[in-house]
2 protein chains.
Amino acid sequence: MQVVPAVSFEASRYPSNARAARAVGGKMNTIALMGAPMRFSRNAEIYGEDEPAEYLYQVVSGAVRTYKVLEDGRRQICAFYLPGDIFGFEAGDSHMASAEAIGETHVLVVKRIAIMSRADHEKDLARQLWDATAQELRRFQEHMLLLIKSAEERVAGFLVEMAHRAAKTVSVELPMSRQDIADYLGLTIETVSRTFTQLEHSGLIALPTSRRVELRNYNALRQLSA
Amino acid sequence: MQVVPAVSFEASRYPSNARAARAVGGKMNTIALMGAPMRFSRNAEIYGEDEPAEYLYQVVSGAVRTYKVLEDGRRQICAFYLPGDIFGFEAGDSHMASAEAIGETHVLVVKRIAIMSRADHEKDLARQLWDATAQELRRFQEHMLLLIKSAEERVAGFLVEMAHRAAKTVSVELPMSRQDIADYLGLTIETVSRTFTQLEHSGLIALPTSRRVELRNYNALRQLSA
DNA sequence: CGCGTAGTTGACACTATTCAATGTCTGTGG
DNA sequence: CCACAGACATTGAATAGTGTCAACTACGCG
């Protein structure tokens with residue numbers, strides 16, 4: 001990311017940011033309140049791997065993917081971030097992965113150093129940062145568990161995860177492409193596609209469009225993802 | 001873990017612990033200095049998944065595995081911890097995985113709550129905890145990248161990782177069984193075994209015993225793990 | 001010496017990948 | 001409104017890589 005937002009973390013005083021914070025899944029939290037709004041268009045890079053982690057982000061709308069590219073060109077998507085999620089917050093001081101907006105995406109941005117120094121004397125904030133890190137670790141671990149399963153289990157697990165995070169159990173709108181899903185699950189795009197249709201034929205899901213998934217049997221999906 | 005060590009974190013005053021800390025790879029660090037020594041025998045449980053994370057551990061000698069068991073019985077090893085490594089330090093307040101001693105293992109134990117509260121006013125210590133967490137996140141991410149590769153790449157990557165962590169480039173003594181390696185890499189024991197002999201036949205490694213691996217061509221191994 | 005555990009090897013089955021073709025959606029310009 | 005291009009997604013057939021099951025070997029320990 002090259003452009004630095006003009007609004008500093010003191011922007012918490014402005015009502016516009018408070019509104020934006022409240023817009024994020026209805027959850028109020030300190031990090032959001034301090035953020036400056038920023039916009040990224042489809043496939044725009046938010047930050048690159050190994051860049052110093054200057055900012056911390058919270059998704060307001062849209063979606064973000066973080067990824068690593070291996071020497072042979074394969075891409076592994078490390079995580080998807082949906083509205084309300086905080087990302088770019090590394091325990092170290094440089095980014096472990098690159099981040100891109102999946103579609104048109106609005107985020108709140110805040111200087112990491114400001115948060116960190118404030119956390120030194122604000123116990124709540126420090127707690128929030130640890131929670132975010134714990135969440136990140138749990139997700140990584142869940143993701144690791146996904147990668148050792150069969151294609152069907154991975155896709156089912158992915159759908160359950162997405163439904164859970166969107167707090168839905170009937171239908172989900174996937175913001176990401178099949179290629180993104182494939183790179184997240186460590187499968188090929190063909191296998192992902194085949195597995196979707198397989199799940200559809202067995203009546204567990206319906207696919208009105210390729211991005212919209214109706215969960216016809218949430219419990220069976222959960223069980224399938226083992 | 002059922003048994004609580006008699007020695008509390010104030011044990012830092014006792015020279016015996018300071019000696020133990022220094023014994024850990026020659027590195028001095030605050031966490032180690034505060035630890036009470038404790039011993040676990042082969043396959044002994046150190047803590048279980050979802051147990052409250054009361055203690056924090058540092059390996060002095062031996063090795064530890066953390067793992068999760070899926071409903072169908074498959075076991076995924078999340079991490080191996082070698083002498084000097086800190087484990088059991090969860091960002092949340094319960095353990096994300098179970099931990100077992102792989103062989104006869106000596107650790108230093110300290111109450112997590114003591115460390116955490118001390119970290120509130122000791123900046124160095126807080127920094128150390130963040131560093132440990134960052135390390136953990138990096139390892140998880142590396143592990144994730146391993147899991148999307150071919151069997152040969154995974155095993156090569158595993159050997160390079162072990163060599164690196166033991167600070168060796170010629171030969172490594174693996175403390176864990178083939179089954180442990182298989183569960184770490186998301187492969188079967190047979191595939192791991194076959195891959196070892198394959199690497200031996202292609203001259204990249206030698207296997208004087210099944211646990212001792214001589215790296216005959218470290219750079220080729222690195223390259224192979226892509 | 002014999003037993004049990006850990007590790008290796010072989011034959012075969014099965015799952016996911018590869019390569020190629022076809023189908024679908026969306027936005028643009030006629 | 002329709003036709004078209006380009007990106008995205010689905011489907012099929014052949015292949016490669018792991019898993020599975022079973023037999024066999026090597027090692028450590030009573």
Side-chain angles (χ1 to χ4, degrees), chain A residues 41-43 63 65 70 72-77 102-104 146-159 173-202 205-213 224 226, chain B residues 41-43 63 65 70 72-77 102-104 146-159 173-202 205-213 224 226:
Chain A
S41 47
R42 189 174 129 87
N43 296 328
R65 60 176 170 253
L70 288 86
D72 62 0
R74 273 176 302 183
R75 180 184 69 160
Q76 174 64 30
I77 290 187
I102 292 177
E104 185 74 12
L146 264 191
L147 294 180
I148 64 164
K149 298 180 186 173
S150 71
E152 197 179 36
E153 291 171 318
R154 290 188 221 190
V155 172
F158 169 73
L159 290 176
E173 182 75 24
L174 300 175
M176 70 291 282
S177 69
R178 291 287 186 272
Q179 187 62 62
D180 285 338
I181 299 172
D183 290 348
Y184 179 73
L185 298 177
L187 297 170
T188 59
I189 185 177
E190 292 96 332
T191 301
V192 170
S193 187
R194 269 187 263 270
T195 309
F196 267 102
T197 49
Q198 185 182 323
L199 290 174
E200 189 175 30
H201 288 154
S202 52
I205 63 171
L207 290 164
T209 76
S210 68
R211 298 288 180 102
R212 169 157 293 276
V213 184
L224 190 61
Chain B
S41 47
R42 187 174 129 89
N43 295 330
R65 60 175 169 253
L70 286 84
D72 63 359
R74 273 176 302 182
R75 180 184 69 159
Q76 173 65 29
I77 291 188
I102 292 178
E104 186 74 11
L146 263 192
L147 293 180
I148 65 165
K149 299 182 187 174
S150 72
E152 196 179 37
E153 290 170 319
R154 291 188 220 190
V155 172
F158 169 73
L159 290 175
E173 183 75 24
L174 301 176
M176 70 290 285
S177 69
R178 291 287 187 270
Q179 187 61 63
D180 286 337
I181 298 172
D183 290 347
Y184 180 72
L185 298 178
L187 297 170
T188 59
I189 185 177
E190 292 95 334
T191 302
V192 170
S193 187
R194 271 186 262 271
T195 309
F196 267 103
T197 48
Q198 185 183 323
L199 290 175
E200 189 175 29
H201 287 154
S202 52
I205 63 170
L207 290 164
T209 77
S210 67
R211 299 287 180 104
R212 170 156 294 276
V213 184
L224 191 60

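Numbers restart at 1 for each chain; the letters A, B, ... are given by sequence-line order, proteins then strands. Just so it is clear, the values below take in all heavy atoms, side chains as well, and ignore hydrogens, waters and symmetry mates. As the structure is a computational prediction, the values presented were derived from the model and not from experiment.
- Here B:T209 lies out of heavy-atom contact (under 4.0 Å) with every strand.
- Atom CZ of A:R178 and atom P of C:dA16 are 17 Å apart (whole Å).
- Each of C:dG7, D:dA9, D:dT18 was ranked by its minimum atom distance to the side chain of B:S193; first place goes to C:dG7.
- A straight line from CZ of B:R211 to P of C:dA6 spans 8 Å, rounded to a whole angstrom.
- One interatomic measurement links the two molecules: CZ of B:R154 to P of D:dG19, which rounds to 7 Å at whole-angstrom precision.
- Between A:F196 and A:I181, some side-chain heavy-atom pair lies under the 4.5 Å cut-off.
- Under a cut-off of 6.0 angstrom, the local environment of CZ in B:R42 is sparse, with at most 12 non-hydrogen atoms contributed by other residues, nucleotides or ligands.
- When distances are taken from the side chain of A:E190 to each of C:dC19, D:dT18, C:dG7, the shortest belongs to C:dC19.
- Under 4.0 angstrom from either OP1 or OP2 of C:dT9 there lies at least one side-chain N or O belonging to B:T197.
- Rounded to a whole Å, the CD atom of B:E200 is 15 Å from the P atom of C:dG7.
- Looking at A:L185 and A:T191, their side chains never come closer than 4.5 Å, going by heavy atoms from C-beta outward.
- To the nearest angstrom, P of D:dT18 lies 17 Å from CD1 of B:I189.
- Nucleic acid contact class of A:R42 (heavy atoms, under 4.0 Å, all strands): sugar-phosphate only.
- Note that the CD1 atom of A:I102 and the CD1 atom of A:I77 stand 6.5 Å from one another [nearest 0.5 Å].
- For B:N43 and B:R194, each mapped to the nucleotide of DNA chain C holding its nearest heavy atom, the one lying further toward the 5' end belongs to B:N43.
- Whole-Å rounding puts the A:D183 CG to C:dT17 P distance at 11 Å.
- Counting non-hydrogen atoms under 4.0 angstrom, A:T191 reaches a base of the nucleic acid.
- Protein atom NE2 of B:H201 is 11 Å distant from nucleotide atom C1' of C:dT8, rounded to whole Å.
- When the C1' atom of D:dT18 is taken as reference, atom CG of B:L185 falls 14 Å away, rounded to whole Å.
- Residues A:V213 and A:L199 have side chains not in contact (no heavy-atom distance under 4.5 Å, counting atoms from C-beta outward).
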